[in-house]
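Below is one structure, written out as structure tokens; the observations come after it.
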Amino acid sequence: MKALLVCEQREGKLLDTSYELVAFAERLGAEVSLVLVGKEAQAPQVAGKLYLADVDKYGEYSPELHKHIVVAAVLKENPDYIIFPHSSYGWDLAPRVAATLRVGQVSEVVNIVDGKLEVSLCNGKLRRTVSPKGARAVLTVQAGAFNYAGQKSGAPQVEAIEISQGSSALQFVGYEPAEKKEVDLGRAEIIVSAGRGVGKKENVAVIADLAKAFGGELGASRPVVDAGWVGHSHQVGTTGQTVSPKLYVACGISGAIQHLAGMKKSDFIVAINKDKEAPISEAADVMVVADVLQLAPVLAEKLRAA
Amino acid sequence: MNILVCIKQVPDMESRFKVNGTGDWYDEADLAYRMNEYDEYAVEQAVQLKEQLGNQPEITVLSIGADRVGEALKKALAMGCDKAVQVQDNDSARKDPWQIANIIAAYAGDKDFDVIFTGMQSQDRGSAQVGVTVAELLGHNCASTLVGFEYADGVVTAKRELEGGVKSVVKVPVPALVTCQLGLNVPRYPTLPNIMKAKKKELQLVPVASLLKEEAATGTEKLYPPVKSGGGIVLEGDLGDVADRLLGILKEKTTVMK
Ligand SMILES: Cc1cc2nc3c(=O)[nH]c(=O)nc-3n(C[C@H](O)[C@H](O)[C@H](O)COP(=O)(O)OP(=O)(O)OC[C@H]3O[C@@H](n4cnc5c(N)ncnc54)[C@H](O)[C@@H]3O)c2cc1C
Ligand SMILES: Cc1cc2nc3c(=O)[nH]c(=O)nc-3n(C[C@H](O)[C@H](O)[C@H](O)COP(=O)(O)OP(=O)(O)OC[C@H]3O[C@@H](n4cnc5c(N)ncnc54)[C@H](O)[C@@H]3O)c2cc1C
């Protein structure tokens with residue numbers, strides 16, 4: 001079985017997800033080749049053939065051109081699987097490649113079970129195994145699901161790749177850096193986070209007070225930030241901060257993968273949720289089944305009395 | 001200007017999902033349905049674009065599914081879309097993203113939509129495929145994962161969200177398809193007068209067979225709940241009691257409680 005891995009770089013840096021693809025391909029037992037729109041200096045340090053297209057010529061984000069580059073590599077390699085990270089780069093590019101090749105796509109693979117591709121659905125409450133119907137398929141792989149434990153010391157065999165398509169209809173203007181932080185959650189020993197389950201803006205104060213009683217910082221899930229209840233620097237998750245405090249208390253947070261990715265390395269996790277089956281229960285050391293708006297004041301009072 | 005918004009109706013994620021008898025689906029009985037959260041941002045952005053252009057553009061909202069999707073379509077009409085299309089399919093949940101995208105592209109093919117809005121992904125399956133695939137099939141320019149949208153003179157200036165809070169800005173000439181990410185805007189609540197008005201708006205029914213010519217490109221083998229890793233302690237019952245037990249555990253198992 002052969003796999004073509006589509007690596008990603010941003011502003012001159014190879015992203016680590018590229019190595020996660022290598023780990024995934026190893027689990028598949030596939031023979032690996034790679035493709036990257038970047039520079040030779042960023043090449044992933046693994047053995048195998050690397051098709052390299054020059055980022056100066058083909059752009060940081062010009063998906064139509066990147067699509068043709070991946071397709072050109074597919075025509076040379078004839079892989080069974082064309083594999084992307086499930087990232088803002090991968091989920092944007094993969095369907096374009098799949099549609100051009102007219103092959104099926106399985107998104108966000110989390111595991112391989114009895115040789116079958118496993119995906120998650122309904123916010124992690126269910127899993128299913130999916131099979132592509134044709135001989136070839138496009139896959140995207142969930143960030144963090146496959147860890148690369150090997151050495152980063154191999155040297156790929158680089159082959160330059162060029163395409164005839166010259167210009168992109170999309171015009172990449174530039175990057176905007178992440179907002180400056182009001183709170184540095186990365187240094188907090190205790191984080192108490194509010195999720196959509198708190199219901200409304202006024203109730204965030206109840207969770208903030210619990211955070212204070214714990215002597216910790218206030219964190220939040222994304223909907224709480226999107227609604228403007230707290231600033232973005234409080235957001236924990238893939239598009240917020242990644243934290244690993246000694247204690248993380250998730251209040252009214254369901255445990256979506258993008259939130260878990262930002263806090264699952266915490267030393268000790270407490271979840272307070274009225275839904276016993278909420279996916280956060282899988283990550284929690286203690287799952288408290290309760291209405292957090294009722295429990296939080298009781299808990300805060302006991303903490304202060306102690 | 002002609003605008004299309006695609007919406008999916010999904011089960012409420014707080015439901016209890018039970019695997020069905022044949023092990024390839026979940027029981028649909030007892031589930032409450034709602035508009036896919038990402039699609040609410042898509043509808044709102046379409047309505048804002050219409051308002052920006054002096055209410056000139058017409059917005060069509062489309063959903064593929066059984067009759068229950070009519071509820072989601074009504075909500076979109078009450079938010080400000082002009083007409084609704086239900087592609088009637090009692091088996092839409094079992095179609096793969098390739099087929100869903102082909103149905104939408106077949107519908108849109110001869111209608112000259114200038115801007116098409118979809119969600120970035122669905123809440124139930126979340127393939128993040130349908131929008132981008134539709135754009136490929138139609139040959140429209142496409143940008144995904146938008147947290148910012150501006151339109152002027154035939155060009156969409158899109159702010160795409162990348163990882164870790166970084167964004168990228170890209171100009172997308174029409175005809176364009178954009179996929180909407182959480183937080184793109186603040187979706188409005190339909191007001192009562194607008195809910196009443198929506199009742200008079202057109203709902204067109206299109207049988208799926210007239211649009212779908214493609215076989216599925218992927219299939220489900222088996223559906224099951226995740227294997228429980230176990231380990232976690234579950235506390236429930238009297239609040240005071242639960243709080244005491246929790247604090248006891250934290251004193252024993254962590255170093256942060258002095
Ligand atoms: C590309 C991408 C990036 C993302 N990045 C992030 C990110 O960085 N961070 C992030 O958090 N999300 C992120 N998300 C969003 C993520 O998918 C979820 O939508 C989000 O995490 C859900 O937040 P939540 O758990 O607070 O809300 P919900 O999923 O709505 O869960 C609310 C929970 O509260 C519980 N509840 C309700 N009322 C009560 C009560 N009174 N007491 C106790 N419990 C109650 C419910 O049972 C439920 O479990 C991202 C999504 C995408 C697609
Ligand atoms: C439990 C379960 C089992 C399934 N089993 C199978 C199976 O056996 N075989 C199979 O092929 N598929 C199966 N599916 C369906 C499939 O995974 C998707 O739900 C469907 O193909 C659409 O893809 P998506 O939801 O991942 O869309 P995404 O690509 O994540 O959706 C992005 C956007 O596309 C638009 N969109 C998506 N669906 C619709 C719609 N119906 N109408 C209008 N716009 C829409 C919306 O704008 C949405 O925001 C199953 C789904 C579930 C939940």
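Values reported hereafter were calculated over all heavy atoms of this structure, with side chains retained and with hydrogens, waters and symmetry mates removed. A note on names: the letters A, B, ... follow the listed sequences, proteins ahead of strands, and every chain is numbered from 1. Note that the coordinates shown come from a computational prediction; the quantities given were computed from them, not determined experimentally.
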Quick check: does any side chain N or O of [X] sit under 3.5 Å from a backbone N or O of [Y], one acting as donor and the other as acceptor?
{"X": "A:R222", "Y": "B:L182", "value": "yes"}
{"X": "A:S107", "Y": "B:S127", "value": "yes"}
{"X": "A:K125", "Y": "B:M13", "value": "yes"}
{"X": "B:E163", "Y": "A:S87", "value": "no"}

Is it the side chain or the backbone of [X] that comes within 4.5 Å of chain A heavy atoms, both, or neither?
{"X": "B:V186", "result": "neither"}
{"X": "B:L246", "result": "side chain"}
{"X": "B:I249", "result": "side chain"}
{"X": "B:T179", "result": "neither"}
{"X": "B:E215", "result": "neither"}
{"X": "B:V10", "result": "neither"}
{"X": "B:A216", "result": "both"}

For the [atom1] atom of [X] and the [atom2] atom of [Y], what is their distance to the nearest 0.5 Å?
{"X": "A:N123", "Y": "B:Q123", "atom1": "CG", "atom2": "CD", "answer": "8.0 Å"}
{"X": "B:N141", "Y": "A:S168", "atom1": "CG", "atom2": "OG", "answer": "8.0 Å"}
{"X": "A:T129", "Y": "B:L223", "atom1": "OG1", "atom2": "CG", "answer": "8.5 Å"}

Here's a test for you: under side-chain contact (heavy atoms from CB on, under 4.5 Å), which of A:L247, A:L303, A:D285 qualifies with B:L250? A:L247
Should [X] and [Y] count as an ion pair when the cut-off is N to O under 4.0 Å?
{"X": "B:R160", "Y": "A:E60", "answer": "no"}
{"X": "A:E277", "Y": "B:R16", "answer": "yes"}
{"X": "B:E136", "Y": "A:R102", "answer": "no"}
{"X": "A:K274", "Y": "B:E236", "answer": "no"}

Heavy-atom pair with the smallest gap, counting every atom of [X] and [Y]:
{"X": "A:Q105", "Y": "B:T218", "result": "O-CG2, 3.6 Å"}
{"X": "A:A290", "Y": "B:L239", "result": "CB-CD2, 4.2 Å"}
{"X": "B:L247", "Y": "A:K302", "result": "CD1-CB, 3.7 Å"}
{"X": "A:L299", "Y": "B:A243", "result": "CD1-CB, 3.7 Å"}
{"X": "A:G104", "Y": "B:A217", "result": "CA-CB, 3.3 Å"}
{"X": "A:W91", "Y": "B:V132", "result": "O-CG2, 4.2 Å"}

Pairs satisfying salt bridge (charged side-chain N to carboxylate O under 4.0 Å, His left out), at least one member in residues 120-133 of chain B, at least two apart: B:K8-B:D124
Just so I know, are the side chains of A:M287 and B:I233 near enough to count as touching, which here means a heavy-atom distance under 4.5 Å?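 No - every pair of side-chain heavy atoms lies 4.5 Å or more apart.
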So B:T255 and A:K246, do their side chains get closer than 4.5 Å, heavy atoms only? yes
Need one label for [X]: side chain, backbone, both or neither, based on atoms under 4.5 Å from any heavy atom in chain B.
{"X": "A:S131", "value": "both"}
{"X": "A:D275", "value": "side chain"}
{"X": "A:F268", "value": "side chain"}
{"X": "A:Y61", "value": "side chain"}
{"X": "A:L170", "value": "both"}
{"X": "A:S62", "value": "neither"}
{"X": "A:A169", "value": "both"}

Going by the rule salt bridge (Lys or Arg N to Asp or Glu O under 4.0 Å), which residues pair with A:R128 if we only count those two or more places apart in sequence or in a different chain?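 A:R128 satisfies salt bridge (Lys or Arg N to Asp or Glu O under 4.0 Å) with no residue once adjacent residues are dropped.
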Top residue by heavy-atom pair count (under 4.5 Å) with chain B, among A:I269, A:L117, A:I272, A:L121? A:L121
Looking at A:P177, A:P132, A:G174, which makes the most heavy-atom pairs under 4.5 Å with chain B? A:G174
Out of [options], return the one with the most heavy atom pairs under 4.5 angstrom to chain A.
{"options": "B:P225, B:G237, B:G164", "answer": "B:G164"}
{"options": "B:Q181, B:R245, B:Q121", "answer": "B:Q181"}
{"options": "B:A128, B:G131, B:A135", "answer": "B:A128"}
{"options": "B:T133, B:L235, B:T254", "answer": "B:L235"}

What donor-acceptor contacts under 3.5 angstrom involve side-chain atoms of residues 151-158 of chain B, with partners at least two apart or in another chain?
from: B:Y151; atom 1: OH; to: B:G154; atom 2: N; distance (Å): 3.1
from: B:T157; atom 1: OG1; to: B:K171; atom 2: NZ; distance (Å): 3.2

Could you go through the side chain to side chain contact (heavy atoms under 4.5 Å, CB included) check for A:V103 and B:W98 one step at a time? CA-CA 9 Å; A:V103 301; B:W98 171 247; over 6 Å; no
Within residues 223-236 of chain A, which residues come under 4.5 Å of chain B, heavy atom to heavy atom? A:D226, A:H232
